[in-house]
Number of protein chains: 2
Amino acid sequence: MGLTEPDPTDEVLRALAEPRRRTILRLVAHDELSAGEIAATFEVSRTAISQHVTVLKNAGLLTERRAGTRRLYRARPEGLAGIRAFLDEMWAGALDNARRLAEAERGLSDDVEAERTG
Amino acid sequence: MGLTEPDPTDEVLRALAEPRRRTILRLVAHDELSAGEIAATFEVSRTAISQHVTVLKNAGLLTERRAGTRRLYRARPEGLAGIRAFLDEMWAGALDNARRLAEAERGLSDDVEAERTG
DNA sequence: GAAGAGTGTCAGTGCCTGCTAACGTTAGCG
DNA sequence: CGCTAACGTTAGCAGGCACTGACACTCTTC
């Protein structure tokens, strides 16, 4: 059990950091496509695309379905839930920060006013 | 101007792909901190943290404010807007895909049988 | 079972990236 | 001006990642 526990959020974000992988995700979000159809979209070799697909699959962003000799891939929206939570947390934190700034400004204007009226 | 136009979404996602950078973002989302305070949180050198901060700043995820010799950093929630749009697009596409699947399931018996009996 | 189509996997290579150490820069103090 | 504090910046190095080419695997068809 000495395996380094992989952070799901980290794996998803690293998977999304690659432009080609995002393109693949867009492709299979709209339609279910085979590995060959996906690879035909790009100029790089099918090997590279296969590796990208593997990364996306390991990140939980893709679902594989075998049909004959072909393998069909489809986007998996649940895989993005963690990222969404992260973004919401960040946004809430930043808003909280903005609120603090607003309060600080109010307290600051008091001081300023004390100076001005004093 | 032969500069390669940098895709904002790509830059932001690559910035978020680093665990330490996400930690930094969490820190400055809750409080405004100086470079030294941020660096003190980590075990690595301040140089590394400074570089991470530069990446976050270039991605538009951070705001710098100079106060004396110190530089205070704060999260910038607007920088995440692009990512949110991307996620929403992905999610909508995947839901559209799910709808197609539901429709397909209704009239699908042929394909399923071909697959199962194959 | 042999052949062919459709894909995944492995080894190797070049680039990119995160890290450290040394140096340069700016602001405050005497 | 000389000195210190708080940073950013640069050069150099080690590890990781994306890519290619060759090989292996799995179904289908004959």
Side-chain angles (χ1 to χ4, degrees), chain A residues 3-4 6-7 10-25 27-28 31-59 61-74, chain B residues 3-4 6-7 10-25 27-28 31-74 110-118:
Chain A
L3 277 179
T4 57
D7 183 8
D10 184 71
E11 204 165 357
V12 171
L13 277 172
R14 267 174 33 203
L16 291 177
E18 184 60 40
R20 279 183 236 274
R21 287 199 280 262
R22 289 197 297 271
T23 303
I24 294 176
L25 224 52
L27 286 174
V28 297
D31 291 307
E32 187 179 31
L33 297 178
S34 69
E37 289 170 326
I38 296 175
T41 307
F42 299 89
E43 298 286 343
V44 296
S45 68
R46 295 193 306 277
T47 303
I49 302 303
S50 180
Q51 289 166 347
H52 282 313
V53 167
T54 300
V55 171
L56 289 171
K57 190 168 50 177
N58 288 340
L61 294 172
L62 237 54
T63 305
E64 180 185 308
R65 182 170 71 92
R66 312 185 61 150
T69 67
R70 305 196 314 166
R71 307 197 180 183
L72 303 175
Y73 294 96
R74 186 203 321 163
Chain B
L3 275 179
T4 57
D7 183 8
D10 185 70
E11 203 165 358
V12 171
L13 277 172
R14 268 173 33 203
L16 290 177
E18 183 61 41
R20 278 182 236 273
R21 286 199 280 262
R22 289 197 298 273
T23 304
I24 293 176
L25 224 52
L27 286 174
V28 296
D31 291 308
E32 189 179 30
L33 297 179
S34 69
E37 289 170 327
I38 296 173
T41 307
F42 300 89
E43 298 286 342
V44 295
S45 68
R46 294 192 305 276
T47 303
I49 301 303
S50 180
Q51 289 166 346
H52 283 313
V53 166
T54 300
V55 172
L56 289 171
K57 190 169 50 177
N58 288 340
L61 294 171
L62 235 54
T63 305
E64 179 185 309
R65 181 170 72 92
R66 312 185 60 149
T69 67
R70 306 197 313 168
R71 307 196 180 183
L72 303 175
Y73 295 96
R74 186 204 318 163
D110 296 351
D111 286 340
V112 167
E113 229 175 83
E115 201 184 317
R116 300 248 309 159
T117 58

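Heavy-atom basis, side chains included; hydrogens, waters and symmetry copies ignored. Residue numbers begin at 1 in each chain, while the letters A, B, ... track the order of the sequences.
Distance CG (A:Leu16) to P (D:dC17): 15 Å, rounded to an integer number of Å. With rounding to whole Å, A:Gln51 atom CD is found 12 Å from D:dC17 atom P. Spacing between atom CZ of A:Arg71 and atom P of D:dT28 amounts to 13 Å, rounded to whole angstrom units. Here the C1' atom of nucleotide C:dC16 and the CG atom of B:Asp10 are 13 Å apart, to the nearest Å. Remark: P of D:dC17 and CG of A:Leu13 are 14 Å apart, rounded to the nearest angstrom. In this structure, CD1 of A:Ile24 is placed 13 Å from C1' of D:dC19, rounded to the nearest angstrom.
Across all strands, B:Glu18 comes closer than 4.0 Å only to sugar-phosphate atoms, never to a base (heavy-atom distances).
Residues from residues 53-70 of chain B placing a heavy atom under 4.0 Å of any atom in DNA chain D, listed by number, are B:Thr54, B:Thr69, B:Arg70. Across residues 36-49 of chain A, A:Gly36, A:Arg46, A:Thr47 each have a non-hydrogen atom less than 4.0 Å from an atom of DNA chain C (numbered order).
For A:Arg21, the listed nucleotide lying nearest its side chain is D:dA18; candidates were C:dT9, D:dA18, C:dC19. Side-chain proximity of A:Ala35 to the nucleotides D:dG8, C:dG8, D:dA18 is greatest for C:dG8.
Each end of the helix from C:dG1-D:dC30 to C:dG30-D:dC1 yields a helix axis from five base pairs, and these two axes differ in direction by 20° (to the nearest 10 degrees).
Between A:Val12 and A:Ala59, the shortest heavy-atom contact is CG2-O, 3.5 Å.
Residues B:Leu62 and B:Arg74 have side chains not in contact (no heavy-atom distance under 4.5 Å, counting atoms from C-beta outward).
Listed pair A:Tyr73 / C:dG8 meets the phosphate criterion, a side-chain N or O lying under 4.0 Å from OP1 or OP2. A close approach under 4.0 Å does occur between a side-chain nitrogen or oxygen of A:His52 and OP1 or OP2 of D:dC19. Residue B:Ser50 has a polar side-chain atom (N or O) positioned under 4.0 Å from OP1 or OP2 of D:dG8. Neither OP1 nor OP2 of D:dG16 sits under 4.0 Å from any side-chain N or O of A:Arg14.
The distance from the CG atom of B:Asp7 to the CG atom of B:Leu13 is 9.0 Å, given to the nearest 0.5 Å.
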Cut-off 3.5 Å, no hydrogens considered: what does the side-chain donor-acceptor table look like for residues 18-25 of chain B, sequence neighbours left out?
from, atom 1, to, atom 2, distance (Å)
B:Arg21, NE, B:Ala15, O, 2.7
B:Arg21, NH1, B:His52, ND1, 3.1
B:Arg21, NH2, B:Arg14, O, 3.3
B:Arg22, NH1, B:Leu16, O, 2.6
B:Arg22, NH2, A:Asp10, OD1, 2.8
B:Thr23, OG1, B:Pro19, O, 3.1

Without placing hydrogens or testing angles, list every side-chain donor-acceptor pair under 3.5 Å for residues 41-51 of chain B, not counting sequence neighbours.
from, atom 1, to, atom 2, distance (Å)
B:Thr41, OG1, B:Glu37, O, 3.2
B:Thr41, OG1, B:Ile38, O, 3.3
B:Ser45, OG, B:Ala48, N, 3.4

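Note on residues 47-61 of chain B: pairs passing salt bridge (charged side-chain N to carboxylate O under 4.0 Å, His left out), not counting sequence neighbours, are B:Lys57-B:Glu64.
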Would you sort out whether B:Tyr73 and B:Val53 count as a side-chain contact (heavy atoms from CB on, under 4.5 Å), showing the intermediate values?
CA-CA 9 Å; B:Tyr73 295 96; B:Val53 166; 3.5 Å; yes
